[in-house]
Amino acid sequence: MSIKAPRGTKDILPPESAKWSYMEKKAREICRRYNYLEIKTPIFEHTELFARGIGEGTDIVQKEMYSFTDRGGRSITLRPEGTAPVVRSFLEQKLYGQALPKKFFYFGPMFRYERPQAGRYRQFHQFGVEVIGSDEPAVDVETIILGIDFIEELGLKDFFVEINSIGCPKCRPRYLDKLKNYLEGQEDFCSNCQNRIDTNPLRVLDCKNPDCQELLKQAPKINDFLCAECASNFSQVKEGLDYLGLSYREDPTLVRGLDYYTNTVFEVKSNDLGAQDAIFSGGRYNGLLKEIGDRDIPATGFALGLERLELLLKEEAANFGSDLEVYITTIGEEAEAFSISLLRQIRAAGISADRDYGGRSIGSQMKDADRKNANYCLIIGSDELKSQAATVRNMQTGDEEEVALKEITNYLTKSL
RNA sequence: GUGGAUGUAGCUCAGUUGGUAAGAGCGCAGGAUUGUGGAUCCUGAGGCCGAGGGUUCGAAUCCCUUCAUCCACCCCA
């Protein structure tokens with residue numbers, strides 16, 4: 001094999017693909033219950049959308065984007081995340097003229113140029129929700145609990161929620177000043193952190209270096225600097241989560257890698273993943289619509305990594321495949337020819353049915369039926385053609401019964 | 001982008017100091033059972049030993065390069 005899938009991409013084959021269908025089906029069902037409607041946006045956008053939306057200084061924009069120049073000389077980027085495109089669409093289609101907020105969900109592939117690792121791919125898939133046009137803490141709470149419902153109904157138990165508020169453009173600068181002052185007074189931060197003190201001091205907070213973490217214990221906490229509005233907003237979010245009985249950890253060092261966040265940010269992590277342990281995360285991005293479209297409209301949402309979720313669903317793979325209901329084995333050419341119309345008739349009745357195409361021995365056909373986990377085998381040979389009946393074999397019990405051909409779909413429908 | 005580990009049959013893996021070493025199990029195909037699956041037994045197909053180059057009389061084995069995978073860092077979904 002000379003041509004392989006590009007680095008960081010992968011094929012999703014049966015039976016694994018059944019798990020993906022199941023995850024998507026479940027997500028759609030939850031969204032229906034919460035009255036979130038699907039939005040589909042292009043897989044590529046103008047590079048500028050992400051540069052401005054996500055932030056020029058972020059890792060995503062600086063080193064992770066799949067960007068190229070198209071034949072018309074435009075700079076195009078394969079979307080690295082879903083929020084900026086949804087916001088672009090909202091603004092372009094002038095949805096702000098409708099009753100707000102608008103509640104959307106989306107599915108689809110995202111692209112980031114990174115070294116692949118457990119739970120991290122260059123093409124990966126996200127399920128996300130966005131609520132545009134409300135500043136109510138109740139909306140933040142709703143998106144979080146929607147995501148929690150989703151993963152809980154898929155059977156996940158071993159996860160935890162971390163939340164924080166990173167304030168707004170009114171109160172954050174005051175905090176950043178204080179933080180910067182403190183950080184500059186320390187000598188012993190790692191080189192990475194040293195660089196960030198100037199470029200993005202907030203990001204110093206989530207450095208994983210234990211020495212840095214130690215130094216950060218004394219650092220000023222943003223919670224002490226939130227303006228009255230942000231503080232009230234944050235406590236209402238926490239109150240909402242309390243009402244719902246959702247336990248969470250407040251983590252004052254939780255900040256996000258994307259520039260557009262304001263107020264509430266959160267991450268939901270698993271204990272069963274490797275270093276890439278975030279299942280879904282998000283928060284409020286009240287500044288993004290202004291940044292992209294000069295309209296001051298608040299919004300909030302999250303994105304969930306489907307590959308990571310799928311890793312956590314690995315063990316129950318067997319539950320997601322569906323068995324074949326009927327397998328037709330034939331003996332002789334006449335029976336084989338006849339089975340074509342019988343198959344269609346059975347399939348038309350809504351029953352899944354298949355056959356062997358190799359003209360093989362009855363034994364081989366039965367073996368194939370067994371491998372496909374068929375519930376019933378129909379045996380059609382010259383005897384059956386003569387009597388216009390089929391031998392129906394229950395593959396679990398081995399019991400066999402003669403059933404008239406014109407009764408066959410009724411019989412199968414009742415038995416299955 | 002940085003560091004470490006690993007690439008041998010469809011899958012999981014053996015392969016000794018470089019020298020009859022291209023192997024096993026599972027899976028697949030056929031048969032024992034030509035009209036009956038699962039168990040057992042028999043037979044068979046399937047490999048450029050990741051790729052390229054080098055050292056050597058001789059390379060799956062040693063060296064270099066490259067590609068890929070896994071893990072960690074960075075960062076995130």
Side-chain angles (χ1 to χ4, degrees), chain A residues 1-10 13 54 58-64 79-83 107-128 147 151 190-193 195-196 200 203 206-209 254-258 265 267-270 273-282 301-312 324 327-332 335 356 358-385 390-400:
Chain A
M1 259 304 280
S2 49
I3 301 180
K4 297 181 193 162
R7 178 165 218 195
T9 67
K10 67 170 195 162
L13 310 172
I54 300 172
T58 60
D59 283 357
I60 290 179
V61 171
Q62 286 197 336
K63 53 181 196 186
E64 293 173 5
R79 63 182 183 195
E81 58 103 46
T83 299
F107 269 98
M110 306 292 164
F111 305 84
R112 291 184 202 171
Y113 191 92
E114 297 182 275
R115 288 277 288 263
Q117 208 179 313
R120 187 166 73 192
Y121 299 90
R122 290 185 172 182
Q123 175 176 336
F124 61 103
H125 297 79
Q126 287 187 334
F127 157 60
I151 63 173
C190 68
S191 57
N192 221 331
C193 287
N195 291 335
R196 284 189 178 143
N200 197 345
R203 293 291 306 286
D206 68 349
C207 180
K208 279 156 195 139
N209 184 316
L254 175 64
V255 298
R256 309 301 322 287
L258 287 62
V265 294
E267 295 188 348
V268 178
K269 296 178 176 177
S270 166
L273 293 169
Q276 267 60 53
D277 59 356
I279 308 169
F280 72 100
S281 62
F302 72 75
L304 178 147
L306 291 168
E307 277 80 2
R308 290 178 189 180
L309 187 57
E310 195 246 339
L311 280 176
L312 296 168
L324 181 65
Y327 191 101
I328 300 188
T329 63
T330 59
I331 301 142
D356 174 68
R360 299 190 294 177
S361 71
I362 179 91
S364 293
Q365 293 181 57
M366 294 286 292
K367 201 171 172 178
D368 194 37
D370 188 43
R371 222 176 349 219
K372 289 183 164 72
N373 277 321
N375 296 316
Y376 287 91
C377 232
L378 301 193
I379 298 160
I380 313 285
S382 49
D383 295 350
E384 282 82 1
L385 287 179
T391 302
V392 180
R393 181 182 178 88
N394 181 319
M395 294 297 278
Q396 266 89 56
T397 62
D399 297 339
E400 289 188 1

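These values consider heavy atoms only, across backbone and side chains, with no hydrogens, waters or symmetry-generated copies. Lettering follows sequence order; numbering is per chain, from 1. Because the structure is a prediction, the values reported are computed rather than measured.
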Chemist: For A/Glu267, what residues pass the salt bridge (charged side-chain N to carboxylate O under 4.0 Å, His left out) criterion, not counting sequence neighbours?
Modeler: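 So A/Glu267 forms a salt bridge (charged side-chain N to carboxylate O under 4.0 Å, His left out) with A/Arg256, A/Lys269.
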Chemist: Run the ring pair (Phe, Tyr, Trp, His ring centres under 6.0 Å) test against A/Phe280 and tell me which residues pass, sequence neighbours left out.
Modeler: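 Partners of A/Phe280 under the ring pair (Phe, Tyr, Trp, His ring centres under 6.0 Å) test: A/Phe266, A/Phe302.
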Chemist: Hey, is the side chain of A/Gln117 poking within less than 4.0 Å of OP1 or OP2 on B/A72, counting only N and O atoms?
Modeler: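 True: A/Gln117 side-chain N/O within range (under 4.0 Å) of B/A72 OP1/OP2.
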Chemist: Measure from the side chain of A/Arg7, starting at C-beta and using heavy atoms only, and say which of B/G1, B/A68, B/G35 lies closest.
Modeler: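 The answer is B/A68, which lies nearest to the side chain.
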Chemist: Think A/Ser364 has a side-chain N or O under 4.0 angstrom from the OP1 or OP2 of B/G30?
Modeler: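 Affirmative; the distance criterion is met.
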Chemist: What's the spacing between A/Asn375 CG and A/Leu324 CG if we round to 0.5 Å?
Modeler: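 Rounded to the nearest 0.5 Å, the CG-CG separation comes to 7.5 Å.
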Chemist: What is the separation between atom CG on A/Leu304 and atom C1' on B/A77, rounded to the nearest whole Å?
Modeler: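 Those two atoms, CG and C1', are 7 Å apart.
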Chemist: Could you tell me the separation between the CZ atom of A/Phe111 and the P atom of B/C76, rounded to a whole number of Å?
Modeler: 20 Å
Chemist: Going by the rule side-chain contact (heavy atoms from CB on, under 4.5 Å), which residues pair with A/Arg115 if we only count those two or more places apart in sequence or in a different chain?
Modeler: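 Residues passing side-chain contact (heavy atoms from CB on, under 4.5 Å) with A/Arg115: A/Arg7.
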Chemist: Quick check for you: to the nearest 0.5 Å, what is the distance between A/Arg308 atom CZ and A/Asp277 atom CG?
Modeler: 8.0 Å
Chemist: Atom CG of A/Leu309 and atom CD1 of A/Ile279: how far apart are they, to the nearest 0.5 Å?
Modeler: 7.0 Å
Chemist: In whole angstrom, what separates A/Glu267's CD from B/C76's P?
Modeler: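 One finds 8 Å between P of B/C76 and CD of A/Glu267, rounded.
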Chemist: In whole Å, measure the gap between the P atoms of B/U8 and B/A14 for me.
Modeler: 10 Å
Chemist: To the nearest Å, give me how far apart NZ (A/Lys63) and P (B/G1) are.
Modeler: 11 Å
Chemist: With sequence neighbours left out, what residues match A/Arg122 under salt bridge (charged side-chain N to carboxylate O under 4.0 Å, His left out)?
Modeler: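 A/Arg122: no salt bridge (charged side-chain N to carboxylate O under 4.0 Å, His left out) contacts found.
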Chemist: Dump the pairs, protein N or O against N or O of nucleotides 3-11 of chain B, anything under 3.5 Å, distances to one decimal.
Modeler:
from	atom 1	to	atom 2	distance (Å)
B/G3	O6	A/Arg115	NH2	3.1

Chemist: Please list, chain by chain and in numerical order, all residues satisfying ring pair (Phe, Tyr, Trp, His ring centres under 6.0 Å) with A/Phe127, sequence neighbours excluded.
Modeler: A/Phe107, A/Phe150
Chemist: Of all the choices, B/C70, B/C76, B/U36, which nucleotide is nearest to the side chain of A/Pro116 once you look at every atom?
Modeler: B/C70
Chemist: Begin with the C-alpha distance, continue with both residues' side-chain angles, and end with the deciding distance and a verdict on side-chain contact (heavy atoms from CB on, under 4.5 Å) for A/Ile151 and A/Leu304.
Modeler: CA-CA 10 Å; A/Ile151 63 173; A/Leu304 178 147; 4.0 Å; yes
Chemist: Rounded to the nearest Å, what distance is computed from the CZ atom of residue A/Phe280 to the C1' atom of nucleotide B/C76?
Modeler: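 Checked: the CZ to C1' distance equals 16 Å.
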Chemist: At less than 4.0 Å, is any side-chain N or O atom of A/Ser361 found next to OP1 or OP2 of B/U34? Yes or no.
Modeler: no
Chemist: For A/Leu378 and B/U36, what is the distance between atoms CG and C1' respectively, to the nearest whole Å?
Modeler: 13 Å
Chemist: Of all the choices, B/A77, B/A72, B/G35, which nucleotide is nearest to the side chain of A/Ile379 once you look at every atom?
Modeler: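 Nearest to the side chain of A/Ile379 among the choices is B/G35.
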Chemist: Looking only at atom P, what distance separates B/U20 and B/G58, rounded to whole Å?
Modeler: 15 Å
Chemist: Can you list everything that forms a salt bridge (charged side-chain N to carboxylate O under 4.0 Å, His left out) with A/Asp59? Sequence neighbours excluded, please.
Modeler: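 A/Asp59 satisfies salt bridge (charged side-chain N to carboxylate O under 4.0 Å, His left out) with no residue once adjacent residues are dropped.
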Chemist: For A/Glu81, what residues pass the side-chain contact (heavy atoms from CB on, under 4.5 Å) criterion, not counting sequence neighbours?
Modeler: A/Phe50, A/Ile54, A/Thr83, A/Ala84, A/Pro85, A/Arg112, A/Leu258, A/Tyr260
Chemist: Give me the stems containing RNA chain B, sorted by first residue, counting only three or more consecutive Watson-Crick or G-U pairs with both distances under 3.5 Å; say none if there aren't any.
Modeler: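 Expected stems, ordered by start: B:1-7 with B:67-73, B:10-13 with B:23-26, B:28-32 with B:40-44, B:50-54 with B:62-66.
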Chemist: Just the atom pairs and distances: protein N or O near nucleotides 38-40 of chain B's N or O, under 3.5 Å.
Modeler:
from	atom 1	to	atom 2	distance (Å)
B/G38	O4'	A/Asp370	OD2	3.1

Chemist: Please enumerate all residues that pass side-chain contact (heavy atoms from CB on, under 4.5 Å) together with A/Pro109, with sequence neighbours excluded.
Modeler: A/Ile43, A/Arg79, A/Phe111, A/Gln123, A/His125
Chemist: Return the set of residues passing side-chain contact (heavy atoms from CB on, under 4.5 Å) with A/Arg371 (not counting sequence neighbours), or none when no residue passes.
Modeler: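 Testing A/Arg371 for side-chain contact (heavy atoms from CB on, under 4.5 Å), a comparison that skips the adjacent residues, returns A/Asp368.
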Chemist: B/A29 phosphate, OP1 or OP2: any side-chain N/O from A/Arg371 under 4.0 angstrom?
Modeler: yes
Chemist: Starting the side chain at C-beta, find the nucleotide from B/A29, B/G35, B/C73 nearest to A/Arg360.
Modeler: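 Nucleotide nearest to A/Arg360's side chain: B/A29.
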Chemist: Would you please determine if the base of B/A77 is stacked by A/Phe124, with stacking meaning a centroid separation under 5.5 angstrom and planes under 30 degrees?
Modeler: yes
Chemist: Taking any heavy-atom pair under 4.0 Å as a contact, classify A/Asp368: base, sugar-phosphate, or nothing.
Modeler: nothing
Chemist: Name the nucleic acid region contacted by A/Thr329, choosing base, sugar-phosphate or nothing; use a 4.0 angstrom heavy-atom cut-off, strictly under.
Modeler: nothing
Chemist: Select one nucleotide: of B/A77, B/G1, B/G35, the one nearest the side-chain heavy atoms of A/Glu114.
Modeler: B/A77
Chemist: What about A/Gln365: does its side chain form a donor-acceptor pair under 3.5 Å with the base of B/U36?
Modeler: no
